[in-house]
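Reading through the structure tokens given below for one structure.
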Number of protein chains: 2
Amino acid sequence: MKISEVSKKYDIPVDTLRYYEKAGLLPNVHKNASGIRDYSESDCSWVEFIKCMRGAGLPVEVLKKYIALFFEGESTLAERKAILVSERQKLVEKRDAIQETIDRLDYKISVYEDKIVKREKELIGNSKNENAS
Amino acid sequence: MKISEVSKKYDIPVDTLRYYEKAGLLPNVHKNASGIRDYSESDCSWVEFIKCMRGAGLPVEVLKKYIALFFEGESTLAERKAILVSERQKLVEKRDAIQETIDRLDYKISVYEDKIVKREKELIGNSKNENAS
DNA sequence: TCTTGACCTGGAGTTTACTCCAGGGTATAA
DNA sequence: TTATACCCTGGAGTAAACTCCAGGTCAAGA
């Protein structure tokens with residue numbers, strides 16, 4: 001698969017795909033004789049994984065470390081798991097912080113709705129007065 | 001309240017508090033004759049609000065706009081509400097993306113646990129063989 | 001009076017994650 | 001065979017949100 005196809009498939013700019021590779025997130029993308037990338041199925045799975053993780057905000061550095069450990073083999077299983085557990089915990093905290101903010105916004109929005117209705121009523125009242133005077 | 005007290009109370013660096021002010025998030029912090037900031041109760045409420053919103057990832061620019069509208073008065077109620085609704089929606093999407101990633105990590109972590117247990121068993125097996133030979 | 005610590009400003013520097021660009025090679029359709 | 005579209009690299013540029021620093025003011029305690 002060529003880079004433009006991967007880009008389209010996962011909706012990631014080609015520059016970003018090259019950047020991820022340079023950063024060490026895609027260590028195994030094969031290049032043909034004239035230097036053009038040819039993404040394998042496995043490369044694509046990694047792209048999809050990276051997209052998901054980046055979408056949740058995991059740092060590129062963390063993904064780089066994880067992926068490097070992955071390609072070191074079985075001896076790194078425990079360390080890889082530790083990374084995932086730690087990042088999972090951070091995501092839970094982030095999700096909860098976001099949820100609290102959503103709840104707070106919900107409340108504020110409902111207050112705004114009340115205020116806006118009230119103000120509209122007042123404006124109608126005023127315009128009636130204007131017409132009457 | 002002096003800046004260092006606000007900093008301690010909300011766990012926000014003094015430099016960040018000054019930065020927020022410069023960015024327009026705290027338009028009303030009073031300064032005494034010698035130019036030293038004195039945060040009012042109301043300023044503190046804004047600091048707390050900003051901390052919550054920034055913690056969920058709302059951009060400084062958006063907060064700046066919201067706060068500017070707030071100080072313009074009642075005529076901006078609808079516009080302010082629209083900002084909150086729009087940001088709320090983005091947070092919901094973000095929360096859901098994070099939740100999906102958490103779920104995915106949970107699955108991966110459970111797979112890792114299985115693999116690690118399996119590998120430990122094999123290692124014990126090998127060491128038994130070693131002892132026997 | 002002197003020193004210490006907290007405060008001030010304007011502006012430069014840092015970090016993260018892209019994003020863009022110049023300059024150049026390659027393949028393929030007309 | 002020539003134009004067009006796509007690919008490459010290395011490196012510079014950008015955006016957001018801080019974070020740090022130099023150089024200076026000011027109040028209070030020894």
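Every chain is numbered from 1, with letters handed out A, B, ... down the list of sequences.
- For C:dT16, the OP1/OP2 oxygens have no side-chain nitrogen or oxygen of A:K64 closer than 4.0 Å.
- Between B:K2 atom NZ and D:dA27 atom P there is a gap of 12 Å when expressed in whole angstrom units.
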TODO: Take B:F70 and B:W46 through the ring-ring contact (aromatic ring centres under 6.0 Å, His included) test and state the conclusion after the steps.
DONE: CA-CA 11 Å; B:F70 182 93; B:W46 280 109; 4.9 Å; yes
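- Not one N or O on the side chain of B:K118 forms a donor-acceptor pair closer than 3.5 Å with the backbone of B:E113.
- Following rounding to the nearest Å, A:L58 (CG) and C:dC18 (P) show an atom-to-atom distance of 12 Å.
- Side-chain atoms of B:R37 lie closest to C:dT9 of the nucleotides C:dC7, C:dT9, C:dA17.
- Rounding to whole angstrom units, CG of residue A:L17 and P of D:dC8 are separated by 10 Å.
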Open item on the list: I'd like to know whether B:K2 forms a salt bridge (charged side-chain N to carboxylate O under 4.0 Å, His left out) with B:D38, so could you lay out the CA-CA distance, the side-chain angles of the two residues, the decisive distance to 0.1 Å, and finally the verdict.
Closed with: CA-CA 5 Å; B:K2 273 186 283 179; B:D38 183 17; over 6 Å; no
Open item on the list: Please evaluate residues A:N28 and A:S42 with respect to the criterion side-chain contact (heavy atoms from CB on, under 4.5 Å), reporting the C-alpha separation (whole Å), side-chain torsions for both, the decisive distance (0.1 Å), and the verdict.
Closed with: CA-CA 9 Å; A:N28 288 329; A:S42 155; over 6 Å; no
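- For B:K51 and B:Y20, the positive end is not near the middle of the six-membered ring at less than 6.0 Å and at most 45° from its axis.
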Can you list, pair by pair, the side-chain donor-acceptor contacts under 3.5 Å of residues 60-67 of chain A, counting residues two or more places apart and other chains?
from, atom 1, to, atom 2, distance (Å)
A:Y66, OH, B:Y112, OH, 2.7

Which atom pairs link the protein and nucleotides 18-23 of chain D when you take only N or O atoms and keep those under 3.5 Å?
from, atom 1, to, atom 2, distance (Å)
D:dC18, OP2, B:Y20, OH, 3.0
D:dC18, OP2, B:R54, NE, 2.7
D:dC18, OP2, B:R54, NH2, 3.2

Pairs under 3.5 Å (N/O, protein and nucleotides 24-28 of chain C):
from, atom 1, to, atom 2, distance (Å)
C:dA27, OP1, A:S34, OG, 3.0

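- The CG atom of A:L105 sits 7.5 Å away from atom SG of B:C52, with the distance rounded to the nearest 0.5 Å.
- Remark: the B:D103 side chain and the B:Q99 side chain contain an N/O donor-acceptor pair separated by less than 3.5 Å.
- Between B:L63 atom CG and D:dA16 atom P the separation is 14 Å, expressed in whole Å.
- When rounded to the nearest whole Å, the span between NZ of B:K31 and C1' of C:dC8 equals 8 Å.
- The only member of B:I83, B:L91, B:L84 that meets side-chain contact (heavy atoms from CB on, under 4.5 Å) when paired with B:E87 is B:I83.
- Residue A:I50 contributes atom CD1, which lies 13 Å from atom P of C:dA17 at whole-angstrom precision.
- In this structure, the CG atom of A:L25 is 13 Å from the C1' atom of C:dT16, given to the nearest Å.
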